[in-house]
*Asks:* 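Have a look at this one before I ask anything.
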Amino acid sequence: MSKRPPKLWPWQVALALFVFAAWWGLTATHILSPFFFGEPLVVLQRIVQWFASGSIWPHLGVTLLETLLAFVLGTVLGVAIGLWLALAPVASALADPYIKAANAMPRVILAPIFSVWFGLGIASKVALGVTLVFFIVFFNVYQGIREVSPVILANARMLGANRRQLLRHIYLPSATAWVFSSLHTSVGMAFVGAVVGEYLGSAKGVGYLILQAEGTFDINSVFAGILVLTAFALLLDALVTLTERRLLKWRPPTIAETL
Amino acid sequence: MSKRPPKLWPWQVALALFVFAAWWGLTATHILSPFFFGEPLVVLQRIVQWFASGSIWPHLGVTLLETLLAFVLGTVLGVAIGLWLALAPVASALADPYIKAANAMPRVILAPIFSVWFGLGIASKVALGVTLVFFIVFFNVYQGIREVSPVILANARMLGANRRQLLRHIYLPSATAWVFSSLHTSVGMAFVGAVVGEYLGSAKGVGYLILQAEGTFDINSVFAGILVLTAFALLLDALVTLTERRLLKWRPPTIAETL
Amino acid sequence: LHAAPPEKSKLTIAVGGKPLFYYLPLSVAERQGYFKDEGLDVTITDFPGGSKALQSLIGGSADFVSGAYEHTIALQAKNQFIRSVVVQGRYAGIALGIRKDKAANFRSMKDLQGMKVGVSAPGSSTHIFLKALLAREGLPPDAAAAIGVGTGSSAVAAVRSGNVDAVASLDPVTTQLETAGDVTVVYDTRKESDQRALYGDDYAAAVIYTTEAFIEQNPQTVQAVVNAMVRALRWIQQATPDQIADIMPKEYYGGNEALYRQALAKNYASFSPDGRMTLAAAQNVHKVLATFDPAVQQAGKLDLERTFTNRFVDAALKKIP
Amino acid sequence: MTAAIEFDQVSVVFPARERGGAPWRAIAHTSLSVEVGEFVSVVGPTGCGKSTLLNLAAGLLAPSAGTVRVFGQPLIGINRRAGYMFQTDALLPWRTALDNVTFGLELRGVPRTEANERGRYWLAKVGLAHAAERYPHQLSGGMKKRVAMAQTLIVEPDILLMDEPFSALDVQTRQLMENELLALWQAERRSVLFITHDLEEAIALSDRVVVLSAGPDTHPIGEFPIDLARPRDVAEIRLTPEFLGIHERIWAVLRDEVLKGYVQTTT
Amino acid sequence: MTAAIEFDQVSVVFPARERGGAPWRAIAHTSLSVEVGEFVSVVGPTGCGKSTLLNLAAGLLAPSAGTVRVFGQPLIGINRRAGYMFQTDALLPWRTALDNVTFGLELRGVPRTEANERGRYWLAKVGLAHAAERYPHQLSGGMKKRVAMAQTLIVEPDILLMDEPFSALDVQTRQLMENELLALWQAERRSVLFITHDLEEAIALSDRVVVLSAGPDTHPIGEFPIDLARPRDVAEIRLTPEFLGIHERIWAVLRDEVLKGYVQTTT
Ligand SMILES: Nc1ncnc2c1ncn2[C@@H]1O[C@H](COP(=O)(O)OP(=O)(O)OP(=O)(O)O)[C@@H](O)[C@H]1O
Ligand SMILES: Nc1ncnc2c1ncn2[C@@H]1O[C@H](COP(=O)(O)OP(=O)(O)OP(=O)(O)O)[C@@H](O)[C@H]1O
Ligand SMILES: [Mg+2]
Ligand SMILES: [Mg+2]
């Protein structure tokens with residue numbers, strides 16, 4: 001029961017080092033062309049340079065801001081509309097094909113329209129990110145609400161809960177696992193939205209850096225940008241996990257924990 | 001109990017007509033610029049032309065093939081790896097940061113690498129679509145497995161189920177709702193992957209048509225392409241819903257159905 | 001120089017591929033601080049293609065575009081009126097490279113028929129170049145399949161992986177492919193002879209354009225931008241390629257400075273000496289477009305005088321020797 | 001006087017979910033009422049439709065035919081005057097035992113400190129003062145039942161619907177709880193509709209015992225007024241001869257019914 | 001002879017999930033064994049640790065200290081020789097009643113038609129022949145219990161672990177089921193560890209009744225061999241004087257314990 005799994009981080013670090021070494025080995029021996037796969041040492045050097053000179057911060061700041069806004073807005077909208085439609089069957093049946101159509105629409109194509117509506121600044125990137133995050137959260141909230149135990153729901157209604165209280169005390173806590181599952185995917189999508197948005201037209205941001213680097217065959221900077229973004233994505237994901245743990249502390253240990 | 005909700009499709013059709021009329025009204029009066037928002041009548045005409053002349057089929061065929069492959073492959077991989085990691089706690093803890101990092105990576109940027117590995121044909125678009133679909137399915141399967149009722153699991157184990165049988169008879173059925181929730185999002189993402197892939201370099205496909213139309217500022221063809229894609233996405237989604245209904249016929253009616 | 005303060009000092013200039021040599025004068029003006037000298041606060045927003053940059057202008061999110069002159073004509077055919085205010089490049093600077101293993105059997109442009117040719121994006125100037133080449137041989141515009149392969153590594157990847165048989169590319173892609181021995185260049189509009197053979201005597205490639213409405217409402221702003229650009233062009237004329245390379249951001253070198261300098265030297269001749277446009281050049285461009293663009297063909301006679309103006313350049317040249 | 005709950009010719013048909021399957025008429029033409037202040041127990045063979053009846057009274061299920069009236073008003077939607085202790089586990093898994101007990105108070109806007117105080121009082125009453133901070137998955141079957149009981153009773157509903165509330169408890173604890181329930185009921189003369197499969201319990205607690213027939217088409221086949229003196233002690237009353245007499249009479253009816261149901265379903 | 005199940009100085013401590021909370025030692029230094037072919041019942045106050053004990057025997061929970069042995073072998077992981085009927089609902093919601101019953105057979109590779117035949121036979125045995133095609137959510141509480149019983153018994157395990165299997169059934173049905181269980185046990189002399197809060201049931205069925213103390217630190221405080229003649233009829237045997245004598249002796253021990261537990265937790 002109380003046996004803890006063995007410490008994992010040495011293994012993770014070892015794995016990271018191994019991946020890095022493999023990358024280095026494969027590109028140094030030209031088995032993978034360094035033209036496309038970069039040189040790991042140069043990539044590291046580039047990252048160090050960026051942070052040492054501080055030249056990365058204005059770009060990183062913009063990208064992180066866009067990501068956070070897209071993540072928060074997309075999540076809030078997804079949860080709100082997911083709740084609403086899950087609890088209003090007629091509205092839901094009516095909206096169903098439109099939601100699905102919007103979800104299937106290749107949004108990247110609409111980037112020019114976004115820039116008409118939202119300008120070339122942060123807003124249009126946030127809008128792109130929101131459209132990615134929204135649907136992921138929405139579908140999970142929608143399903144999560146439908147999975148609420150009917151007995152628990154009936155119990156709360158008998159105890160006198162009105163609609164708002166049901167939402168607060170039954171639907172939301174019960175859909176929490178669903179929401180968080182979608183948030184893990186969303187963290188990534190928010191970053192993708194921001195970077196692709198920048199990639200499609202911007203004057204700042206890590207996506208802009210990467211676009212320029214690609215245009216000049218500077219694959220090492222491309223990888224450096226990707227690595228920096230990934231590091232921050234892991235940070236944001238860790239925050240999500242932390243919140244999840246706090247909110248779900250009432251749960252029985254999961255299978256993985258008991259096995 | 002047995003009260004059916006009122007017929008909805010007349011309302012949905014009415015809503016569709018209204019949206020179309022609004023679109024027409026706004027662009028005809030130049031409140032929305034037709035340069036960006038197209039002319040609905042021309043868009044319809046374009047669609048009719050495409051199908052009447054049959055010129056759309058080779059493009060549509062390619063895009064649908066890519067989408068289906070990306071959808072199927074991404075789903076299979078997502079389910080398989082989701083199951084594996086959810087059931088192997090050490091592997092999962094080890095892989096965790098890597099999965100999250102891969103999820104957060106702005107994949108579109110890797111398109112050049114994809115085209116090195118997979119060429120400019122169908123494969124690279126499928127690869128892009130798979131990376132989008134995979135993570136959505138993966139995270140939901142992973143969470144779905146962890147949500148399996150411990151009592152039901154214990155019961156099956158006591159009845160003699162081995163690991164494979166647990167998978168088949170407990171984990172999979174119990175995670176079905178989770179999987180399908182992710183599939184609805186994935187349908188859209190598979191289309192996005194295919195079209196963006198085509199958009200980034202291709203010689204065929206609806207994405208290519210759209211890109212070409214954009215290049216010549218033929219916004220009507222862009223919208224026509226989007227509409228055609230959306231129609232097929234709804235079709236695919238309907239298939240998913242049908243399968244879902246069949247697989248989940250054992251469930252108690254959901255709240256929406258009883259309210 | 002400061003005749004009157006610009007009506008609008010915060011400006012956005014959209015560009016499809018900022019580090020391209022095609023748009024080098026814009027970067028010079030920025031790096032040398034010429035915009036600031038004019039009292040302008042310019043944000044240069046980069047897009048993955050010229051058509052995207054153009055869309056942002058029409059949508060009202062950008063004030064100017066640094067882009068291909070072709071667009072002003074193509075758009076007039078669609079009743080959108082935009083005008084070039086200063087020319088950056090006289091030559092298209094586009095080259096057609098044939099992949100090494102196909103080059104041996106490549107005798108004439110007619111052999112393009114049935115080939116898969118990489119262009120930066122369908123509809124972009126590289127695509128126009130390809131269609132013009134085909135049209136000159138009397139082939140239909142889709143005789144060769146144009147495949148969008150982007151302007152950077154993805155274009156190189158497309159060639160190396162054998163996904164395209166040929167590529168119509170700008171620098172630095174061309175130089176990259178050439179020096180690495182991936183392609184043989186069979187047509188090169190960085191060279192005056194090829195440029196003239198394909199497009200005619202006078203031509204206009206990269207320009208700065210904006211909408212007619214903007215010019216009307218903000219003449220001082222336009223003047224300020226043109227002033228800065230003309231100064232940049234004049235500076236380029238008296239600088240050596242190496243001096244130019246020196247002032248460019250290091251990121252443009254893409255980790256290979258030698259290659260960058262080499263490519264810059266090849267493109268040096270293509271920059272406009274004074275920023276002026278001629279009607280002959282406009283007619284040439286129109287003639288090329290009309291060989292294949294159905295919208296331009298259908299539009300019939302276009303008012304080419306309305307697609308450019310030398311008014312601002314001439315005013316700038318008066319002050320800048 | 002209007003009844004607290006009145007079933008008027010009520011039927012419930014569960015539609016077949018599969019096409020081709022036969023619908024199941026769980027309850028047929030049942031009329032039954034619980035007067036204000038009355039304690040009515042319902043007994044019947046397992047699976048006959050007792051819980052279904054309670055769901056009707058709670059307003060969680062609409063009858064396929066007939067009417068349910070609460071204090072004279074036809075019941076539409078949820079029954080706001082009733083508290084319902086479910087047969088299955090219905091605790092909120094994300095709340096501790098104490099927070100589960102105080103849930104109804106919180107919904108009514110009772111201040112936190114007062115709610116907690118009353119919650120602890122009730123937890124002690126059901127013998128769970130030591131488990132206030134445990135989550136439902138950390139409670140044993142009988143403990144969950146007791147938390148559910150405290151959760152239902154703390155809000156003092158006018159009508160109490162209880163579905164086998166004590167079946168998971170040992171005899172001793174069960175008697176303590178039964179006495180607790182009787183005291184509460186007597187103090188304010190609430191109306192109680194009580195389901196049990198323990199006939200002794202039914203007699204010891206009730207003013208009236210209703211016997212249901214085996215399903216399908218379940219309906220009452222006997223009503224027995226219990227005229228034992230109040231207040232009662234549930235342990236002692238079982239030993240009185242009157243009790244035994246009543247028990248025998250009801251048992252005669254019930255036993256046949258159970259056997260009938262069993263035979264019917266086996267063949 | 002080695003015992004079918006042997007608890008050897010077993011303790012179970014549930015760690016506190018909150019930091020600062022006290023861990024709960026549910027079971028302390030308990031030694032207990034079930035011989036091969038023996039029917040042992042465990043009684044004890046609600047929440048004392050009976051289900052925890054069964055989870056240990058099933059191998060679903062590892063003891064914090066001590067050893068559990070099955071047929072002489074220390075138990076690691078799941079107990080493959082045992083069938084476990086859980087206290088809570090454990091049916092597979094995506095399978096009909098029949099498919100739930102035949103689940104164990106399917107896992108063993110029994111051909112579909114044979115499995116269905118045996119499944120229907122068992123469903124009839126528990127009086128649910130008419131409900132074969134219903135899904136668990138369409139079954140009443142008592143019906144679910146009976147399906148679970150058929151599900152556990154159909155695979156004929158050597159050791160039977162049963163956690164209050166009959167508590168949701170009316171007396172009559174319960175007695176039918178009890179007789180069914182006894183017949184099955186007697187035919188093949190399986191070993192049974194049986195939990196109930198009904199002392200009469202425990203005595204009527206068992207060879208030995210174990211009384212557990214109230215928690216925490218639950219441990220056996222009395223073992224009573226039941227030397228009533230076999231085969232027994234559970235309804236009749238309750239009326240014999242020997243039965244009443246045993247009942248009285250065990251009850252004396254048990255009642256005190258329940259009250260002790262109650263007082264302990266209330267104050
Ligand atoms: N949703 C449903 N669909 C179909 N049949 C149902 C449904 N719910 C209940 N039933 C059937 O209705 C009958 C009555 O069920 P109910 O739960 O009311 O029984 P009960 O008297 O409470 O039994 P128990 O004492 O075992 O709890 C049963 O035969 C059951 O199978
Ligand atoms: N996961 C857990 N964490 C903490 N405490 C637990 C956990 N599981 C059980 N307990 C505690 O252990 C004690 C024994 O529980 P158990 O379920 O074994 O009781 P029981 O004898 O089966 O009771 P009942 O007759 O009510 O079913 C209880 O006090 C319970 O709160
Ligand atoms: Mg019931
Ligand atoms: Mg228990």
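What's counted below: heavy atoms across the whole structure, side chains too, no hydrogens, waters or symmetry copies. Just so it is clear: chains get the letters A, B, ... in the order the sequence lines come, proteins before strands, and each one is counted from 1.
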*Asks:* Give, for atom CE of A:M158 and atom CE of D:M85, the distance between the pair rounded to the nearest 0.5 Å.
*Replies:*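 Reported value, rounded in 0.5 Å steps: 13.5 Å.
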
*Asks:* Looking at CD of A:Q165 and CZ of D:R108, how far apart are the two atoms once the value is rounded to the nearest 0.5 Å?
*Replies:*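 The CD atom of A:Q165 sits 9.0 Å away from the CZ atom of D:R108.
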
*Asks:* Need one label for D:L91: side chain, backbone, both or neither, based on atoms under 4.5 Å from any heavy atom in chain A.
*Replies:*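 It is the backbone, since no side chain atom gets that close.
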
*Asks:* Which bit of D:D89 comes within less than 4.5 Å of chain A, counting heavy atoms only: side chain, backbone, both or neither?
*Replies:*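 Answer is backbone: N, CA, C or O of D:D89 sit under 4.5 Å from chain A.
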
*Asks:* Taking every non-hydrogen pair under 4.5 Å, which of D:G104, D:A58, D:G83 racks up the most with chain A?
*Replies:*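 Heavy-atom pair counts peak at D:A58.
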
*Asks:* Could you tell me the separation between the OH atom of D:Y135 and the NZ atom of A:K249, rounded to the nearest 0.5 Å?
*Replies:*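 These two atoms lie 4.0 Å from each other.
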
*Asks:* Using a 4.5 angstrom heavy-atom cutoff, name the option from D:L161, D:V155, D:L92, D:T152 with the most pairs to chain A.
*Replies:*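 So the answer, after comparing D:L161, D:V155, D:L92, D:T152, is D:L92.
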
*Asks:* What part of A:I170 lies closer than 4.5 angstrom to a heavy atom of chain D: side chain, backbone, both or neither?
*Replies:*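 For A:I170, the contact with chain D is made by backbone and side chain together.
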
*Asks:* So for D:F86, is it side chain, backbone, both, or neither that comes closer than 4.5 Å to the heavy atoms of chain A?
*Replies:*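 Side chain only.
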
*Asks:* Tell me, for A:S149 versus chain D, whether the close heavy atoms (under 4.5 Å) come from the side chain, the backbone, both or neither.
*Replies:*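 Neither part.
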
*Asks:* Counting heavy-atom pairs under 4.5 Å to chain D, which of A:T176, A:V151, A:I152, A:N155 comes out on top?
*Replies:*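 Option with the top pair count is A:N155.
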
*Asks:* Tell me if the CZ atom of A:F20 is crowded by more than 12 foreign heavy atoms within 6.0 Å.
*Replies:*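 Yes, because the 6.0 Å sphere around CZ of A:F20 holds more than 12 heavy atoms from other groups.
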
*Asks:* Taking D:I78, D:L107, D:T88 one by one, which has the highest count of heavy-atom pairs under 4.5 Å against chain A?
*Replies:*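 The answer is D:L107.
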
